[in-house]
Amino acid sequence: MARFWSLISACCLFAALLLQPAAGQVLYKSTMPDGKIVYGDKPQPGAVKVEESRPDTSKQGVGGTTPREKEALKELEKARLQRGSGQDRVPAAEQALKNAEAARAAGEEPLPGERIGTASGASRLTETYFDRQRKLGEAVEKARRELEAARAGR
């Protein structure tokens, strides 16, 4: 039993050592002669320009440490809030699609004045009917595109 607990203790100690932060790690940004940028833990040979940086691993975390980064994060958050959650728009877009499809189904029958009699006693549909059908179809397609955009979060 003592051997079991010593094995557990050794595993815990090993895990604790693995979880230590990488203090003092250096990151190099090397700009190559062709303009390509390479990031690595050592400078690239033949680089035109090499910039060294040390990530701030203090309690603040890694992201948004410089004023420029903080401002960029604020702008992204502001844009996200202005867009609103796409999930809020999805139910309304689904309902709009259902309404457009129902209007198209209800509008299949010709309205009074959309038929013209022929010399043989039959009747045919007028251009007004076909224009109305085209507009109903376009409304359904527009509602379908808006629903896809809402689901995609655009």
Side-chain angles (χ1 to χ4, degrees), residues 8 11-32 34-42 44 47 49-154:
I8 294 294
C11 288
C12 290
L13 178 63
F14 182 70
L17 290 174
L18 285 178
L19 296 176
Q20 292 295 320
Q25 187 174 6
V26 178
L27 179 68
Y28 293 95
K29 176 183 175 184
S30 303
T31 306
M32 304 307 287
D34 61 352
K36 183 178 174 184
I37 296 176
V38 179
Y39 292 94
D41 57 351
K42 18 185 175 176
Q44 290 291 314
K49 180 180 176 184
V50 176
E51 297 176 34
E52 179 182 317
S53 66
R54 295 181 186 273
D56 181 15
T57 57
S58 65
K59 297 224 185 260
Q60 295 176 1
V62 177
T65 56
T66 66
R68 183 175 170 192
E69 289 172 337
K70 287 179 184 177
E71 186 62 32
L73 289 174
K74 284 180 186 177
E75 289 297 320
L76 288 172
E77 180 67 15
K78 183 179 175 183
R80 186 185 65 80
L81 291 174
Q82 285 177 347
R83 269 195 325 266
S85 173
Q87 300 303 320
D88 296 341
R89 294 182 6 214
V90 171
E94 287 174 343
Q95 187 60 46
L97 178 59
K98 286 179 186 177
N99 292 344
E101 289 174 339
R104 181 174 63 180
E108 287 179 357
E109 286 297 314
L111 297 175
E114 291 183 338
R115 285 193 177 273
I116 292 181
T118 61
S120 64
S123 67
R124 66 178 178 87
L125 298 170
T126 65
E127 286 298 317
T128 309
Y129 171 79
F130 292 110
D131 287 341
R132 188 170 57 85
Q133 293 303 312
R134 181 182 47 79
K135 288 177 185 176
L136 290 170
E138 288 172 356
V140 169
E141 287 307 311
K142 180 182 176 190
R144 199 169 273 134
R145 284 191 306 270
E146 289 174 359
L147 176 59
E148 288 173 7
R151 285 183 176 157
R154 292 179 268 150

Show the nearest heavy-atom pair for residues [X] and [Y], with the distance to one decimal.
| X | Y | result |
| --- | --- | --- |
| Tyr28 | Val50 | CD2-CG1, 3.9 Å |
| Glu108 | Gln133 | CA-NE2, 3.9 Å |
| Val90 | Leu147 | O-CD1, 3.9 Å |

Response to the item:
For residues 116-129, the salt bridge (Lys or Arg N to Asp or Glu O under 4.0 Å) pairs (sequence neighbours left out) are none
Worksheet item: Does anything in residues 90-107 pair up under salt bridge (Lys or Arg N to Asp or Glu O under 4.0 Å), and if so which pairs, sequence neighbours excluded?
Response: Glu94-Arg151, Glu101-Arg144
Discussion item. So, using side chain to side chain donor-acceptor pair (under 3.5 Å) as the criterion, who are the partners of Ser123 when residues are at least two apart?
Written reply: Arg115
Worksheet item: Partners of Asp131 by side chain to side chain donor-acceptor pair (under 3.5 Å), sequence neighbours excluded?
Response: none
Practice prompt. Evaluate salt bridge (charged side-chain N to carboxylate O under 4.0 Å, His left out) for Arg145 paired with Glu141, printing each intermediate quantity in order.
Written response: CA-CA 6 Å; Arg145 284 191 306 270; Glu141 287 307 311; 5.0 Å; no
Fill in: Residue list, salt bridge (Lys or Arg N to Asp or Glu O under 4.0 Å) with Glu52, at least two apart or on another chain
Arg54
Practice prompt. Identify, with sequence neighbours excluded, every residue that meets salt bridge (Lys or Arg N to Asp or Glu O under 4.0 Å) alongside Lys49.
Written response: Glu51
Discussion item. Are the side chains of Val140 and Leu97 in contact, using a 4.5 Å heavy-atom criterion?
Written reply: yes
Worksheet item: Would the number of heavy atoms belonging to other residues, nucleotides or ligands and lying under 6.0 Å from CD of Glu109 be above 12?
Response: no
